[in-house]
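What follows is a set of notes on a single structure, which appears directly below.
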Amino acid sequence: MGTASVSNGGRIRFAGITKKYGELTVVDDINLDIAPGEFFSLLGPSGSGKTTTLMMLAGFAMPDSGQILLDEADISYLSPQQRNLGMVFQNYALFPHMSVLENVMFPLKVRKFSGKECLERAQWAIDLVRLSSFAKRLPKELSGGQQQRVALARAVVFHPRVVLMDEPLGALDKNLRYQMQMEIKELQRKLNMTVVFVTHDQEEAMNMSDRIAIMNNGSIEQLGRPKEVYESPRNVFAAGFLGEANILPYSRLAVDYRQRMGMQDGDHLFIRPERVVLAPLTGTMSQSDSGLTGCIRNVSFLGSIVRYQIGLDDEFSIYADSANLSDMRSFDVGDSVAIGWKQASDIRIINHG
Ligand code: ADP
């Protein structure tokens with residue numbers, strides 16, 4: 001059947017895109033290339049400009065300056081319809097009085113496909129999201145996850161080259177969310193489409209994305225593959241936003257350690273909790289070449305890991321995660337510990353500025 005034909009994902013370029021609301025610059029000169037078939041996430045705190053960026057790509061907001069290109073064509077000022085992109089929103093936006101089948105056929109009817117073709121293509125998309133036995137139901141007769149699968153089917157039924165998703169899983173509980181993340185990824189791979197995905201959920205972004213752009217105040221703080229951004233954050237914001245992080249200011253580190261590492265005032269030492277190694281502090285022995293020592297302030301049992309909060313003094317703590325293995329060495333509240341790491345690559349010095 002022709003409907004199963006695979007279209008290639010579109011190539012997207014943001015060139016110097018700026019958007020203002022009144023005096024406020026909410027998207028500030030963004031330059032960005034998204035490759036065909038890429039799963040690309042915009043990740044950042046609330047108000048950082050993610051949705052505005054996506055809405056400019058969708059055609060629901062117009063940039064004040066710059067260009068948005070889709071496969072080399074300037075689409076900056078086209079209407080949403082002319083852009084022909086698929087869209088999935090958090091609230092599903094299904095038509096409540098239409099059945100699943102009618103909802104999924106809708107974009108095809110708008111595009112003037114024949115009755116037979118509408119039906120065949122809609123059935124293909126409904127099969128794709130495994131809802132064939134629910135085709136006659138109304139949205140209100142479906143679970144949240146099923147409703148979102150209808151929205152997905154409706155977004156891909158006309159074979160768009162790009163699908164935009166704005167917090168599509170925000171309304172689902174944690175387990176279902178994870179399952180839907182896998183389903184969306186599978187669908188994206190199967191259809192080979194470009195996906196631009198907005199989320200404030202860092203784990204979701206890491207799980208799903210080929211690349212992530214971390215946004216803050218309308219700018220991209222860092223852009224890269226999840227592992228790259230996680231392991232080598234470029235600045236304190238990126239380090240703190242993606243995953244758990246210990247960020248130690250210069251003043252917290254022993255003088256000889258600072259000198260050895262060539263650290264300047266204003267630099268930070270960055271280490272993920274899972275890379276922190278703790279050892280009992282006994283007499284003169286310290287396994288930490290950082291010179292850092294502390295006292296266990298809290299022990300959180302989180303199932304697969306145990307998280308220690310270690311107070312360096314009354315004010316400042318760092319966190320260490322320990323996998324919950326059978327041979328794990330454990331510490332109790334009040335224990336004094338030396339704080340270190342296995343190798344130099346476990347830490348990063350984040351330079352000031
Ligand atoms: P995010 O998706 O990262 O939460 P948004 O793109 O929704 O961020 O918003 C970025 C900033 O732009 C916020 O400060 C928000 O209040 C502002 N903003 C968004 N839409 C409008 C609008 N239509 N009018 C005025 N300000 C807006």
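For ligands, and for the atoms within them, numbers begin at 1 and follow the listed sequence. For the single chain, residues carry numbers from 1 onward in sequence order.
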So does [X] pair up with [Y], basic N to acidic O under 4.0 Å?
| X | Y | value |
| --- | --- | --- |
| Asp313 | Arg252 | yes |
| Arg225 | Glu231 | no |
| Glu183 | Arg149 | yes |
| Lys20 | Asp64 | no |

Tell me, please: is Pro45 in heavy-atom contact with ligand 1, that is, under 4.0 Å? yes
Yes or no: does Gly44 have any heavy atom under 4.0 Å from an atom of ligand 1? no
Among protein heavy atoms, which lies nearest [atom], and at what distance?
| atom | answer |
| --- | --- |
| atom 19 (C) of ligand 1 | Tyr21 CE1, 3.7 Å |
| atom 7 (O) of ligand 1 | Thr51 CB, 3.7 Å |
| atom 1 (P) of ligand 1 | Gly47 N, 3.4 Å |

Purely on distance, is any nitrogen or oxygen of Leu24 under 3.5 Å from one on ligand 1? no
Please indicate whether any nitrogen or oxygen in Thr53 is less than 3.5 Å from any nitrogen or oxygen in ligand 1. no
Just going by heavy-atom distances, which of Val26, Thr52, Val27, Leu54 is nearest to atom 12 (O) of ligand 1? Val26
Could you pull out the closest heavy-atom pair between Leu43 and His200, with the gap in Å? CD1-C, 3.7 Å
Test of understanding: clusters of I, L, V, M, F, W, Y form through side-chain heavy atoms closer than 4.5 Å, transitively. Do Val337 and Val299 belong to the same one? yes
Give a yes or no on whether Ile247 and Val276 share a hydrophobic cluster (residues Ile, Leu, Val, Met, Phe, Trp, Tyr; joining criterion: side-chain heavy atoms under 4.5 Å apart). no
Protein heavy atom under 4.0 Å of atom 22 (C) of ligand 1: yes
Heavy-atom protein contact below 4.0 Å for atom 16 (O) of ligand 1: no
Can you tell me which portion of Ala61 lies within the under-4.0 Å heavy-atom range of ligand 1? Options are side chain, backbone, both, or neither. neither
